[in-house]
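The structure under discussion appears below in the form of structure tokens.
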Number of protein chains: 2
Amino acid sequence: MYAFLIRHKTLLLYGLCLAVLLFLLKWLEVRLLLVDHAFELYIGGIAVLFTALGIWLTRKLTRPRVETIVVEKEIYVQKEQSFQVNEQELDSLGISKRELAVLGLMAEGLSNQEIADRLFVSLNTVKTHSSNLFEKMEVKRRTQAVEKAKRMNIIP
Amino acid sequence: MYAFLIRHKTLLLYGLCLAVLLFLLKWLEVRLLLVDHAFELYIGGIAVLFTALGIWLTRKLTRPRVETIVVEKEIYVQKEQSFQVNEQELDSLGISKRELAVLGLMAEGLSNQEIADRLFVSLNTVKTHSSNLFEKMEVKRRTQAVEKAKRMNIIP
DNA sequence: ACCAAAATCACCCAAAAGTATGAGCCCCGG
DNA sequence: CCGGGGCTCATACTTTTGGGTGATTTTGGT
């Protein structure tokens, strides 16, 4: 009910104005019929009044055109340096967990003995894993393994 | 004169319409005064007519109101990551041209002999450069040298 | 329970990497 | 001219890496 009133506010206002004007017409109609030459003035006044009313009504009813302008703003961001293991390559090469661990430490520059100490296994174990790793990666030496692994995103 | 007519075209048109309507008023005035209850219809018609005229005139005379809304759209652009040698570190370590060349090939996974072949020098020469390089970089083995060099942006 | 894969370990041996020492040549600056 | 730095090369030796072979244990799936 209230929303209806708000929504059609202008129309109601027009209706009210019209009612008032019509009342004036009625009232002036009776009085001016008794006076000579007043008729033309009466009619002229009506014409002007209702023209003004039409103008006013139009201004109220018409909506402003909305024009949206999109401005693109480029923001430069630093490339995120976060490493993500290429699981696909890992799987396809068939590298085991332990082999990958050895590879990672190799890339850090540790010697075989240092890797063994780090992983709590013997030097022989590290050599075995290395050997198996090189075979799977089809490389001949650790520097090749590391270079290839980085290229393939297996290690960071 | 012609420009004046163009410019005030709408106004002139309104004036013409007004003249026509007033003539109609005059003419209808004579005829409708002789008929009972026709007076109200006459006046009502005038009201409606001039309201319409006002509306029409407004549409012609006034510019349409335009509301401009500016929307900023953010676009994220990644920065190009191209390798650049860290000359400062290079200088401070005192690594020679040849030593750097050996380091680069080392990082590519080449053996000493392969590096020698690539640079057209003997295996002994490569060993000498390596030895000097490790001393300057304070590392014990090639994997360490490569890891450190990449970290320091000496090699890509 | 059985089986295959992964992990661990040992031993032997060759190849590669790394160290130490020494030398010659060239270029450049004092 | 001399000295220092860089480049090249050799030799001898040591250490580390990597390949081969074999074995045992552990783990996970059927």
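No experiment lies behind these values; they were computed from the predicted model shown.
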Could I get a table of every N or O pair under 3.5 Å where one atom is in the protein and the other is in nucleotides 25-30 of chain D?
none

Exercise for the section: Grab the CZ-P distance between F134(A) and dG18(D) for me, whole Å please. Expected result: 4 Å
Handout entry: Any residue of residues 142-156 of chain A with a heavy atom less than 4.0 Å from an atom of DNA chain D
Key = R142(A)
Fill in the blank from the handout: Separation of dA17(C) atom P from L105(B) atom CG, nearest Å, is 13 Å
Exercise for the section: Check for a donor-acceptor pair, side chain of K150(A) on one end and backbone N or O of P156(A) on the other, with a separation under 3.5 Å. Expected result: yes
Handout entry: K148(A) side chain vs V139(A) backbone, donor-acceptor pair below 3.5 Å
Key = no
Problem - Electrostatic pair E114(A)-R141(B), nearest N-O below 4.0 angstrom - result: yes
Exercise for the section: Spell out, yes or no, whether M152(A) and L90(A) are grouped together once hydrophobic residues are joined by side-chain heavy atoms under 4.5 Å, including indirect joins. Expected result: yes
Practice task
Report whether I154(B) and F83(B) are members of the same hydrophobic cluster (ILVMFWY, side-chain heavy atoms less than 4.5 Å apart, transitive linking).
Solution key: yes
Practice task
Look at the side chain of K136(B) and the backbone N and O of G94(B), then say whether any donor-acceptor pair between them is shorter than 3.5 Å.
Solution key: yes
Handout entry: Positions of residues 107-118 of chain A (non-hydrogen atom under 4.0 Å from DNA chain D), listed by number
Key = S111(A), N112(A)
Exercise for the section: Round to the nearest Å and state the distance from L93(B) atom CG to dG6(D) atom P. Expected result: 13 Å
Exercise for the section: Look only at the side chain of Q144(B) and the backbone of K140(B), and say whether a donor-acceptor pair between them is shorter than 3.5 Å. Expected result: yes
Exercise for the section: Say whether N132(B) and R98(B), considering side chains only, have a donor N or O and an acceptor N or O under 3.5 Å apart. Expected result: no
Handout entry: R118(A), CZ: over 12 other non-hydrogen atoms inside 6.0 angstrom
Key = no
Handout entry: Relative orientation of the end axes in the helix from dA1(C)-dT30(D) to dG30(C)-dC1(D), expressed as an angle to the nearest 10° (five pairs per end)
Key = 50°
Exercise for the section: Could you check how far CG of L100(B) sits from C1' of dG6(D), rounded to whole Å? Expected result: 14 Å
Practice task
Take the protein atom NZ of K136(A) and the nucleotide atom C1' of dG18(D), then report the distance between them rounded to whole Å.
Solution key: 17 Å
Problem - Contacts of type side chain to side chain contact (heavy atoms under 4.5 Å, CB included), residue Q88(A), not counting sequence neighbours - result: N86(A)
Exercise for the section: Group every Ile, Leu, Val, Met, Phe, Trp and Tyr by side-chain heavy-atom contacts under 4.5 Å, then state whether L123(B) and L105(B) land in the same group. Expected result: no
Handout entry: Cluster link L100(B) to V126(B), ILVMFWY, side chain under 4.5 Å
Key = yes
Problem - Note, L103(B) side chain near H129(B) side chain (heavy atom, < 4.5 Å) - result: no
Exercise for the section: Rounded to the nearest angstrom, tell me the gap between atom NZ in K140(A) and atom P in dG18(D). Expected result: 13 Å
Handout entry: Side-chain donor-acceptor pair present, T125(A), T128(A), cut-off under 3.5 Å
Key = no
Mind listing the N/O atom pairs, protein and nucleotides 7-11 of chain C, below 3.5 Å?
residue: dA7(C); atom: OP1; partner: R98(A); partner atom: N; Å: 3.3
residue: dA7(C); atom: OP2; partner: S96(A); partner atom: OG; Å: 2.4
residue: dT8(C); atom: OP1; partner: R98(A); partner atom: NE; Å: 3.1
residue: dT8(C); atom: OP1; partner: R98(A); partner atom: NH2; Å: 3.1
residue: dT8(C); atom: OP2; partner: R98(A); partner atom: NE; Å: 3.1
residue: dT8(C); atom: OP2; partner: H129(A); partner atom: NE2; Å: 2.9
residue: dC9(C); atom: OP2; partner: S122(A); partner atom: N; Å: 2.7
residue: dC9(C); atom: OP2; partner: T125(A); partner atom: OG1; Å: 2.8
residue: dC9(C); atom: N4; partner: T128(A); partner atom: OG1; Å: 3.1
residue: dA10(C); atom: OP2; partner: N124(A); partner atom: ND2; Å: 3.0

Exercise for the section: Would you kindly give the CD1-to-C1' distance between I95(A) and dA6(C), to the nearest whole Å? Expected result: 14 Å
Problem - Check: E147(A) side chain, T143(A) main-chain N or O, donor-acceptor pair, under 3.5 Å - result: no
Handout entry: Close side-chain approach of R142(A) to N112(A), heavy-atom, < 4.5 Å
Key = yes
